[in-house]
Amino acid sequence: VILGDGSGNVGIGTASPLANLDVAHATDPRIRITRADATVLIDESLGTLQFATNDPSAGAVGASVQALAGGTWATNDYPTDLRFLVTPDNSGDQAEAMRIDSTGNVGIGQTTPASPNGVPSPFLHIGDGTNAAVGLVLQENHKTYEIHANDGLYFSDSTTHRLVIDTAGNVGIGTDS
């Protein structure tokens, strides 16, 4: 460990740290956060990485990445979820923006992502059922494609709905209805 090399940087495994904390290893550098508790129950935190500032108030946290137990831990059974939290504009409180659960399901705006109707995991779950509309935007070579739900399911390019499935199950190709 190199402390006080004159730059204010700390090095572990290096004599010339290039950042505030520089961890170096020839084949597999790691930073480990260890919970000092042998009993881990579902939804308990395993550790959190916080991004904070002292301005405008001491210790204000803007974003966090947190590991949570996805179930009660036992020998060779360590289900773990990752939560991504952000602080919305005009708020001092963090809100969960995304979660990757222990089965590989991803939730955006959804704290308990699940596969509906028995669709096997992994599954991408966008929205929590209270959103007016949710969507997915795909872009390549200056082209934009959208899949969004708003009282129906719409498949669009940058200017036109190409396929619409309305709430009654009717299908429109090249039309909005």
Side-chain angles (χ1 to χ4, degrees), residues 1-5 7-131 133-139 147-149:
V1 176
I2 302 296
L3 298 173
D5 69 345
S7 68
N9 295 338
V10 174
I12 299 173
T14 178
S16 304
L18 300 175
N20 298 100
L21 175 60
D22 193 342
V23 178
H25 187 273
T27 58
D28 189 17
R30 297 178 186 204
I31 296 176
R32 181 175 174 149
I33 299 173
T34 301
R35 177 185 163 127
D37 181 1
T39 304
V40 179
L41 304 175
I42 189 168
D43 290 330
E44 289 186 340
S45 177
L46 303 173
T48 304
L49 178 62
Q50 295 183 327
F51 301 89
T53 181
N54 286 329
D55 183 37
S57 62
V61 176
S64 299
V65 179
Q66 181 181 46
L68 287 176
T72 300
W73 282 26
T75 302
N76 294 319
D77 183 19
Y78 311 113
T80 304
D81 297 354
L82 278 180
R83 291 180 4 148
F84 297 82
L85 299 103
V86 297
T87 303
D89 196 17
N90 295 315
S91 175
D93 298 321
Q94 292 187 82
E96 186 169 328
M98 184 174 80
R99 180 182 295 226
I100 304 170
D101 75 11
S102 62
T103 65
N105 291 329
V106 176
I108 299 174
Q110 172 57 254
T111 60
T112 54
S115 345
N117 306 318
V119 175
S121 293
F123 195 81
L124 174 62
H125 190 148
I126 302 173
D128 64 1
T130 63
N131 307 85
V134 296
L136 177 65
V137 175
L138 308 169
Q139 291 185 311
I147 302 170
H148 65 272

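We use all heavy atoms of the structure for the numbers below, so side chains are in, but hydrogens, waters and symmetry mates are not.
- Summarising the geometry, atom CZ belonging to Phe51 is positioned 11.5 Å from atom CG belonging to Leu85; distances are rounded to the nearest 0.5 Å.
- Summarising the geometry of Pro88 relative to Val86, their closest heavy-atom pair is CD-O, 3.5 Å, with the distance given to 0.1 Å.
- In summary, Arg30 and Asp28 engage in a salt bridge, as defined by a charged side-chain N under 4.0 Å from a carboxylate O.
- In this structure, the side chain of Arg35 engages the main chain of Ser45 through a donor-acceptor pair within 3.5 Å.
- Of all non-hydrogen atoms in Ala24 and Pro29, the two that sit nearest each other are C-CB, 4.4 Å.
- Tyr78 has its side chain out of reach of Leu46: every pair of non-hydrogen atoms, C-beta onward, lies at least 4.5 Å apart.
- Using modelled atom types and a 3.5 Å distance limit, the side chains of Thr103 and Asn105 yield a donor-acceptor pair.
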Handout entry: side-chain contact (heavy atoms from CB on, under 4.5 Å) evaluation trace for Ile108 with Leu124
Key = CA-CA 8 Å; Ile108 299 174; Leu124 174 62; 4.0 Å; yes

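- To the nearest 0.5 Å, atom OG1 of residue Thr87 and atom CG of residue Asp93 are 7.5 Å apart.
- For the atom pair CD1 of Ile12 and CG of Leu21, the computed distance is 5.0 Å after rounding to the nearest 0.5 Å.
- Within the model, atoms NE2 of His125 and OG1 of Thr112 stand 7.0 Å from one another, a figure rounded to the nearest 0.5 Å.
- For Ile31, the CD1 atom is loosely surrounded, since the number of other residues' heavy atoms within 6.0 Å does not exceed 12.
- Between Ser64 and Phe84 the shortest side-chain heavy-atom distance does not fall below 4.5 Å.
- Nearest heavy-atom pair, Pro17 versus Asn9, reported as atom, atom and distance to 0.1 Å: O-ND2, 3.4 Å.
- Remark: Leu68 CG to Leu41 CG distance equals 12.5 Å, nearest 0.5 Å.
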Practice task
Determine, stepwise, if the pair Thr80 / Ser102 fulfils side-chain contact (heavy atoms from CB on, under 4.5 Å).
Solution key: CA-CA 5 Å; Thr80 304; Ser102 62; 5.6 Å; no

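- In this structure, Trp73 contributes its side chain and Thr39 its backbone to no donor-acceptor pair below 3.5 Å.
- Atoms CD and CD, from Gln94 and Gln50 in turn, are 6.5 Å apart once rounded to the nearest 0.5 Å.
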